[in-house]
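Provided herewith is a single structure, encoded as structure tokens, for subsequent inquiry.
Lettering of chains follows the sequences in order, A, B, ..., and the numbering in each one begins at 1.
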2 protein chains.
Amino acid sequence: MKHNSNVPAFLAKLWTLVEDADTNEFICWSQEGNSFLVLDEQHFAKEILPKFFKHNNMASFIRQLNMYGFRKVMHIDTGIVKQEKDGPVEFQHPYFKHGQDNLLENIKRKVSNTRPEDNKIRQEDLSQILASVHSVHSKQESIDLRLGTLKRENEALWREISDLRQIHAHQQQLIKKVSGEPILMNSNGKKPKYIHQIYDDKAICAV
Amino acid sequence: MKHNSNVPAFLAKLWTLVEDADTNEFICWSQEGNSFLVLDEQHFAKEILPKFFKHNNMASFIRQLNMYGFRKVMHIDTGIVKQEKDGPVEFQHPYFKHGQDNLLENIKRKVSNTRPEDNKIRQEDLSQILASVHSVHSKQESIDLRLGTLKRENEALWREISDLRQIHAHQQQLIKKVSGEPILMNSNGKKPKYIHQIYDDKAICAV
DNA sequence: GGTTCTAGAACC
DNA sequence: GGTTCTAGAACC
């Protein structure tokens with residue numbers, strides 16, 4: 001293995017440990033070479049681990065293995081035979097294989113605080129969204145009020161226009177009767193534009 | 001200790017284990033009696049644990065302790081003296097005290113999936129809120145359109161009324177000129193109600 | 001990045 | 001509720 005490679009210290013030490021024939025009594029490659037076995041857990045933890053790491057706890061060793069994506073190899077019981085409780089522990093990683101130290105650089109330490117940060121962001125999002133909902137809801141209420149006012153005003157306007165048109169028609173009739181010709185001009189000298197003409201080409205939906 | 005009490009099996013076994021003078025060599029009360037010590041972790045795990053539990057793993061024992069709220073007692077290093085790595089492990093719980101088995105019933109196993117459920121609920125809330133926001137937003141857009149339409153219609157109506165009033169006024173003048181008296185009645189025989197009278201007591205805000 | 005204590009989650 | 005494997009988080 002290249003010692004100047006970018007392989008983390010833990011992986012380099014683990015590789016050395018498993019490769020080293022002197023410690024094969026306690027930790028070694030499996031038959032297939034795609035996993036490693038710890039044969040005497042107690043002795044391995046107390047005697048071998050401190051020679052490579054700053055502790056002698058199997059738990060810390062396993063924590064590191066999991067941190068780098070190693071998985072314990074479960075020995076499924078084939079039928080009746082009960083799995084021996086004190087058998088060797090076996091760990092495996094797709095890029096940790098006998099004789100293929102070039103794969104080691106593919107093993108990545110799991111990065112922390114991805115989920116905690118996500119949760120915090122989610123919390124902030126939640127607050128922002130709630131504030132936004134309340135804001136939109138308030139505006140909607142005021143718009144609804146305004147809409148109701150406008151609608152009533154509008155209806156009143158239509159009624160007044162209806163009334164005014166009738167008055168106008170009656171006056172027209174009256175004037176026609178007395179003068180013989182209708183008056184259609186307003187003060188601007190232009191023919192008035194009726195509302196139904198303005199909206200002839202637009203659909204007016206009900207409120 | 002009452003054997004018919006509602007104390008979980010783990011706590012009952014742990015209490016027995018710590019109390020039992022025969023195992024004091026491996027697990028016993030601390031001097032003050034407010035914590036317990038495991039003196040020879042390796043022997044304790046492999047020889048004592050399986051006599052009380054269905055395993056011989058210190059990790060499983062510690063997992064249970066944590067599950068019931070026990071905390072490891074940390075031995076702070078006073079200054080220069082380095083803490084011995086292989087000293088006894090010590091665990092403590094406010095309701096686990098020498099000679100006070102009546103307190104045991106206060107020790108509660110931590111219930112699981114409180115946080116996961118919270119997160120799931122939060123996720124569901126988030127989805128519902130987002131859907132709600134989109135719904136309200138859509139409605140707001142349609143109301144805005146409707147409001148714009150009504151506003152323009154309203155303005156056109158005001159203009160037409162203005163025109164009609166002018167026409168009416170001119171006609172009045174004309175009729176007055178020719179007949180000597182004004183015509184104010186519409187076809188219903190009632191006096192028309194002008195829009196400014198309807199809204200005299202209401203403030204009309206701008207859109 | 002390493003070590004330690006505690007917790008989550010799956011399985012029994 | 002117990003056991004096991006893995007992960008979170010704090011501290012170094």
Side-chain angles (χ1 to χ4, degrees), chain A residues 5-14 17 35 38 41 45 49-77 82-87 89-93 104-105 107-120, chain B residues 6-14 17 35 38 41 45 49-77 82-87 89-93 104 107-120:
Chain A
S5 65
N6 51 357
V7 173
F10 173 77
L11 291 177
K13 289 176 182 177
L14 178 63
L17 201 46
S35 64
V38 176
E41 190 177 316
L49 278 182
K51 291 180 181 174
F52 289 79
F53 306 101
K54 288 176 285 191
H55 63 84
N56 61 0
N57 304 309
M58 194 62 187
S60 296
F61 180 63
I62 292 174
R63 183 70 194 91
Q64 278 285 65
L65 289 172
N66 285 325
M67 199 77 100
Y68 280 96
F70 284 76
R71 315 284 298 192
K72 187 171 186 178
V73 178
M74 305 303 291
H75 298 129
I76 40 171
D77 302 341
K82 183 77 174 67
Q83 180 182 1
E84 73 275 60
K85 296 289 291 185
D86 295 301
V89 290
E90 186 174 353
F91 280 90
Q92 160 274 335
H93 188 291
L104 288 180
E105 61 189 19
I107 303 180
K108 300 301 177 188
R109 192 179 196 266
K110 294 181 181 176
V111 287
S112 63
N113 63 16
T114 54
R115 261 177 42 186
E117 198 167 351
D118 285 354
N119 279 336
K120 282 176 188 170
Chain B
N6 51 356
V7 173
F10 174 75
L11 291 177
K13 290 176 181 175
L14 179 62
L17 202 45
S35 65
V38 175
E41 189 177 317
L49 278 182
K51 290 180 181 173
F52 289 78
F53 306 101
K54 287 176 286 191
H55 63 83
N56 60 1
N57 303 311
M58 194 62 186
S60 296
F61 181 63
I62 293 174
R63 183 70 194 92
Q64 279 286 62
L65 289 173
N66 286 324
M67 199 76 101
Y68 280 96
F70 284 77
R71 315 284 298 194
K72 188 171 185 178
V73 178
M74 305 303 291
H75 298 129
I76 43 171
D77 302 342
K82 185 76 174 67
Q83 180 182 0
E84 74 275 58
K85 296 289 289 185
D86 294 300
V89 291
E90 187 175 352
F91 280 90
Q92 161 273 334
H93 190 290
L104 287 181
I107 303 179
K108 298 301 177 189
R109 192 179 195 265
K110 294 180 181 175
V111 286
S112 62
N113 62 15
T114 54
R115 262 176 42 187
E117 197 168 349
D118 284 354
N119 278 337
K120 282 177 189 169

Q.
Starting the side chain at C-beta, find the nucleotide from C/dA7, C/dT4, D/dG2 nearest to B/R71.
A.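 From the listed options, C/dA7 comes nearest.
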Q: Send over the distance from B/E41 CD to C/dT4 C1', rounded to a whole Å.
A: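 Roughly 13 Å, once rounded to whole Å.
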Q: Let me know the distance between CG of B/L65 and C1' of C/dA7, rounded to the nearest Å.
A: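 To the nearest whole Å, that distance equals 14 Å.
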Q) Between C/dT3, D/dG2, C/dT4, which one does the side chain of A/F53 approach most closely? A)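 Looking only at side-chain atoms, A/F53 lies closest to C/dT3.
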Q. In chain order, what residues pass the side chain to side chain donor-acceptor pair (under 3.5 Å) check against A/E105, with sequence neighbours excluded?
A.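 Scan of A/E105 (side chain to side chain donor-acceptor pair (under 3.5 Å), adjacent residues dropped) gives none.
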Q: Check A/K72, A/H75, A/M74 against A/E90 for a side-chain contact (heavy atoms from CB on, under 4.5 Å) and give me the one that passes.
A: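 By the side-chain contact (heavy atoms from CB on, under 4.5 Å) criterion, A/E90 pairs with just one of A/K72, A/H75, A/M74: A/H75.
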Q: Specify the separation, in whole Å, of atom CE of B/M67 and atom C1' of D/dG2.
A: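 So the two atoms are 8 Å apart, to the nearest Å.
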Q: Compare side-chain N and O positions of A/N66 against OP1 and OP2 of D/dC5 and report whether any pair is under 4.0 Å apart.
A: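 Negative; the distance criterion is not met.
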Q: Can you figure out which of C/dT3, C/dT6, C/dG1 approaches the side chain of A/Y68 most closely?
A: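 Taking heavy atoms from C-beta onward, the closest nucleotide is C/dG1.
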Q. Could you give the distance from CG (A/N57) to CZ (A/F61), rounded to the nearest 0.5 Å?
A.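 Going from the CG atom of A/N57 to the CZ atom of A/F61 covers 12.0 Å.
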Q. Counting side-chain heavy atoms from C-beta on, which of D/dT4, D/dT3, D/dA9 comes nearest to A/R63?
A.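 Of all the options, the side chain of A/R63 is nearest to D/dA9.
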Q. Once you round it to whole Å, what is the distance between P of C/dG1 and CG of A/L11?
A.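 Rounded to whole Å, this separation is 10 Å.
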Q. Does B/F52 have any ring pair (Phe, Tyr, Trp, His ring centres under 6.0 Å) partners at least two apart in sequence or in another chain, and if so, which?
A.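 Once residues adjacent in sequence are excluded, B/F52 has no partner under the ring pair (Phe, Tyr, Trp, His ring centres under 6.0 Å) criterion.
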Q.
Without decimals, in angstroms, what is the distance between A/F91 CZ and D/dT4 C1'?
A.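 In whole Å, D/dT4 C1' and A/F91 CZ are 11 Å from each other.
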Q.
Need one value for A/A9: base, sugar-phosphate or nothing, where a base atom within 4.0 Å counts as base even if backbone is also close, heavy atoms only.
A.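 Sugar-phosphate contact only - A/A9 comes under 4.0 Å of backbone atoms but never of a base.
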Q. From C/dT3, D/dG2, D/dT4, pick the nucleotide closest to the side chain of B/H55?
A.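 Nucleotide nearest to B/H55's side chain: D/dT4.
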Q) So does B/K110 get a side-chain nitrogen or oxygen closer than 4.0 Å to the phosphate oxygens (OP1/OP2) of C/dA7? A)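 Yes, such a contact exists.
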Q: Report the distance from atom NZ of A/K72 to atom P of C/dC11, rounded to the nearest whole Å.
A: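 Computing the A/K72:NZ to C/dC11:P distance gives 16 Å.
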Q. Do A/L14 and A/Q64 have side chains that get closer than 4.5 Å, going by heavy atoms?
A.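 Contact flag for A/L14/A/Q64 side chains = no.
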Q | For atom CZ of A/F52 and atom P of C/dT3, their distance in whole Å | A |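 So the CZ-P distance, A/F52 to C/dT3, works out to 13 Å.
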Q | Atom-pair distance (CE on B/M58; P on C/dC5), nearest Å | A |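 Taking atom P of C/dC5 as the reference, CE of B/M58 is at 11 Å.
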Q: State which of C/dG1, D/dG1, C/dA7 makes the closest approach to the side chain of A/R109.
A: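 Selected nucleotide (nearest to the side chain): C/dG1.
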